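Within every chain, numbering begins at 1; the chains are lettered A, B, ... in the order of the sequence lines, protein sequences first and strands thereafter. Not measured: the values here are computed from a predicted model. Heavy atoms only: backbone and side chains are in, while hydrogens, waters and symmetry mates are out.
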2 protein chains.
Amino acid sequence: MQTVRKDIHNSQLPILCQSCEARHQGICGAMSAEQLLAISKHTRRVRREPGQEIMADAMPIAAYANVLKGVVKLTKVLEDGRQQVVGLQFAPDLLGRPFASESRVTAETASDVELCMIPKAPLEALMTAGGPVEHRIMMQALRELDEARDWMVTLGRKTAAEKVASFLYLLATHIDPTEEEALVTFDLPLSRADIADFLGLTIETVSRQLTKLKAEKVIEIANYRHVTIADLAQLRLRCG
Amino acid sequence: MQTVRKDIHNSQLPILCQSCEARHQGICGAMSAEQLLAISKHTRRVRREPGQEIMADAMPIAAYANVLKGVVKLTKVLEDGRQQVVGLQFAPDLLGRPFASESRVTAETASDVELCMIPKAPLEALMTAGGPVEHRIMMQALRELDEARDWMVTLGRKTAAEKVASFLYLLATHIDPTEEEALVTFDLPLSRADIADFLGLTIETVSRQLTKLKAEKVIEIANYRHVTIADLAQLRLRCG
DNA sequence: CGTGAGGTTGAAGTGGATCAACACCAGTGG
DNA sequence: CCACTGGTGTTGATCCACTTCAACCTCACG
């Protein structure tokens, strides 16, 4: 049902996970030169198209992955198929639940994504060694916890209009990791169905709220996916 | 508006935070004898009545606290007063956001609570020293993240009936930290208003769903607060 | 040019919110 | 002792925000 996987193999070459190291973000920034060199022997750079599964709920995890580019969505499903997106991962987040034998969520690429795959063993060795790597990973877990709790307020207490505004605001502030302030123009990395699953709404409601924001000149939309925030303050205001 | 605080000072005496250490749970279980002795000089055991604020959103944190008994609720509020309970902490959870200068949530006692207060500095020293203490705290953060994501599914995708059932099931499985399996009888640590804020519902809806569960012989309720799960399997089923 | 996936729009239905009345109980004070 | 009060919880009637159902649009692709 989804497009075919294409592992692009321009990936195997960089001895160091360059873009990861270059930015000095994510966990690589916490490693010493020797650690970096050691782990880089195991890492592998891969590219994924939208809609590819990276880790499955309740399946053993073979490897961690550093998000270098793009957006990965974390989802959970109920037995009857109802789905909830429980998190979005942007660069330079680390993907994979540390110290758990199996994942508790499904991770799937939402947009075109670049990953730096790191096998389980070497990274966990670095972690249990303690020091800056474990610390960095803990800081990410704590940040994700904060974000999850923020989102719980959105899910539990906001109206549909506020939810959609909050989602757009979240993207504006998170989609470009190099940018400090909110971006005013970007492509939606999620389909209407994914947005609905993130917000606890239906696709119809999401669509209606988006057209309402467009009609009221808060945003502009081109080609369904390309969004321009015309009035960021107004958007902020509508987040509730 | 709330009953007056009573810091019961049978607290100052125990040189070691006994019940904490005795159980070998929580962070104390990860400390060496020397560490335990060192930190116990700073800890203070306190008791709180329901409805007491322990940490306020956006306020500097002076101390961490280990929950020894009872339930603490973590809440967030929107500007206009809408409130969401974003987490419940049971024994032996550690309260307080590590490495943040200020809290991102409000922590309030839900039931009668016993805490082991630990000042910021000595605990953070133990953490940055690395090793088992930091690891233990990271494991708790990861567990809380898992729980937060589970709850996002409940908030985003479940019906009112399923939400209330899920809440009761959560209590049954978490309220007694010494018990392995689900408890069939317990006191609700939260008022109807708090339950509503936890589930993203109104108190009326919570009340109606509880009476419905009672009418259908899934649970029994005495004195508004005391719940007996008459049919745990049925309750489980109704969690969606 | 047909086919199908993704998105929009409209009309009708409904689950939960809102509004309102009342029950229950612990204080409190005459 | 009873009347009064306020906090908490229940129950009923009504309302509306969001869902559901259904038609249609758009566009990429074989």
Side-chain angles (χ1 to χ4, degrees), chain A residues 1-4 49-51 78 80-84 110-111 154-167 187-216 219-227 238 240, chain B residues 1-4 49-51 78 80-84 110-111 154-168 187-215 219-227 238 240:
Chain A
M1 45 171 61
Q2 283 296 155
T3 49
V4 187
E49 300 187 337
L78 261 25
D80 63 1
R82 279 175 288 176
Q83 190 166 113
Q84 177 69 45
S111 61
T154 302
L155 285 175
R157 286 298 180 209
K158 291 191 187 177
T159 64
E162 290 168 339
K163 285 179 177 181
V164 171
S166 302
F167 171 69
D187 280 337
L188 291 178
L190 271 62
S191 69
R192 299 294 189 269
D194 286 338
I195 298 173
D197 283 342
F198 190 34
L199 298 173
L201 298 170
T202 59
I203 53 176
E204 292 95 330
T205 303
V206 170
S207 177
R208 280 185 249 268
Q209 295 301 333
L210 284 174
T211 50
K212 192 163 151 248
L213 284 174
K214 190 169 63 172
E216 294 170 356
I219 61 171
E220 290 157 25
I221 306 180
N223 291 326
Y224 302 121
R225 286 292 187 114
H226 191 74
V227 171
R238 290 173 187 237
Chain B
M1 48 172 64
Q2 280 297 154
T3 49
V4 187
E49 300 187 335
L78 261 24
D80 63 1
R82 280 174 287 176
Q83 190 166 114
Q84 176 70 45
S111 62
T154 301
L155 285 175
R157 286 298 180 209
K158 291 190 185 176
T159 66
E162 289 168 340
K163 284 179 177 181
V164 172
S166 302
F167 171 69
L168 293 173
D187 279 338
L188 292 177
L190 271 61
S191 69
R192 300 292 190 269
D194 286 338
I195 299 173
D197 283 342
F198 191 34
L199 298 173
L201 299 171
T202 60
I203 54 176
E204 293 95 329
T205 305
V206 171
S207 179
R208 279 185 248 269
Q209 294 302 333
L210 284 174
T211 50
K212 193 163 151 246
L213 283 174
K214 189 167 64 172
I219 62 171
E220 291 156 24
I221 306 179
N223 291 327
Y224 302 121
R225 287 292 188 111
H226 191 75
V227 171
R238 289 172 187 240

Supply the atom-to-atom distance Ile195(B) CD1 to Leu201(B) CG, rounded to the nearest 0.5 angstrom. 10.5 Å

Going from CD1 on Ile221(B) to CG on Leu168(B), what distance comes out if it is rounded to the nearest 0.5 angstrom?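 Between atom CD1 of Ile221(B) and atom CG of Leu168(B) there are 7.5 Å.
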
List for me each residue that meets side chain to side chain contact (heavy atoms under 4.5 Å, CB included) alongside Asp80(A), sequence neighbours excluded, and say none if there are none. Leu78(A), Arg82(A)

For the pair made of [atom1] in [X] and [atom2] in [N], what is the distance, rounded to whole Å?
X	N	atom1	atom2	result
Ile221(B)	dT8(D)	CD1	P	18 Å
Leu210(B)	dT10(D)	CG	P	7 Å
Asp194(B)	dT8(D)	CG	C1'	12 Å
Ile195(B)	dT10(D)	CD1	P	9 Å
Arg192(B)	dA17(C)	CZ	P	16 Å
His226(A)	dG7(C)	NE2	C1'	18 Å
Lys212(B)	dG12(D)	NZ	P	15 Å
Asp197(A)	dT19(D)	CG	P	11 Å

Phosphate-side-chain proximity, Arg225(A) and dG6(C), N/O vs OP1/OP2 below 4.0 Å: no

I'd like to know if the side chain of [X] and the backbone of [Y] have a donor-acceptor N/O pair within less than 3.5 Å.
X	Y	result
Ser166(A)	Glu162(A)	yes
Gln84(A)	Phe198(A)	yes
Arg157(B)	Gln83(A)	yes

I'd like to check Leu210(A) versus Arg192(A) (side-chain heavy atoms, cut-off strictly below 4.5 Å). Are they in contact?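 Yes - at least one pair of side-chain heavy atoms lies under 4.5 Å apart.
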
So if I take residues 198-207 of chain B and measure heavy-atom distances to DNA chain C, which residues fall below 4.0 Å? Gly200(B), Leu201(B), Thr202(B), Glu204(B), Thr205(B)

Looking only at side-chain atoms of Tyr224(B), point me to the closest of dG16(C), dC24(C), dG7(C). dC24(C)

Hey, which of these two, Gln209(A) or Lys214(B), hits DNA chain D nearer its 5' end, going by closest nucleotide? Lys214(B)

Which residue, Arg157(B) or Leu190(B), contacts DNA chain D at a nucleotide closer to its 5' end, judged by nearest heavy atom?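 Upstream on the strand: Leu190(B).
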
Under-3.5 Å donor-acceptor pair between Arg208(A) side chain and dG10(C) base: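 In this structure, the two groups form a donor-acceptor pair.
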
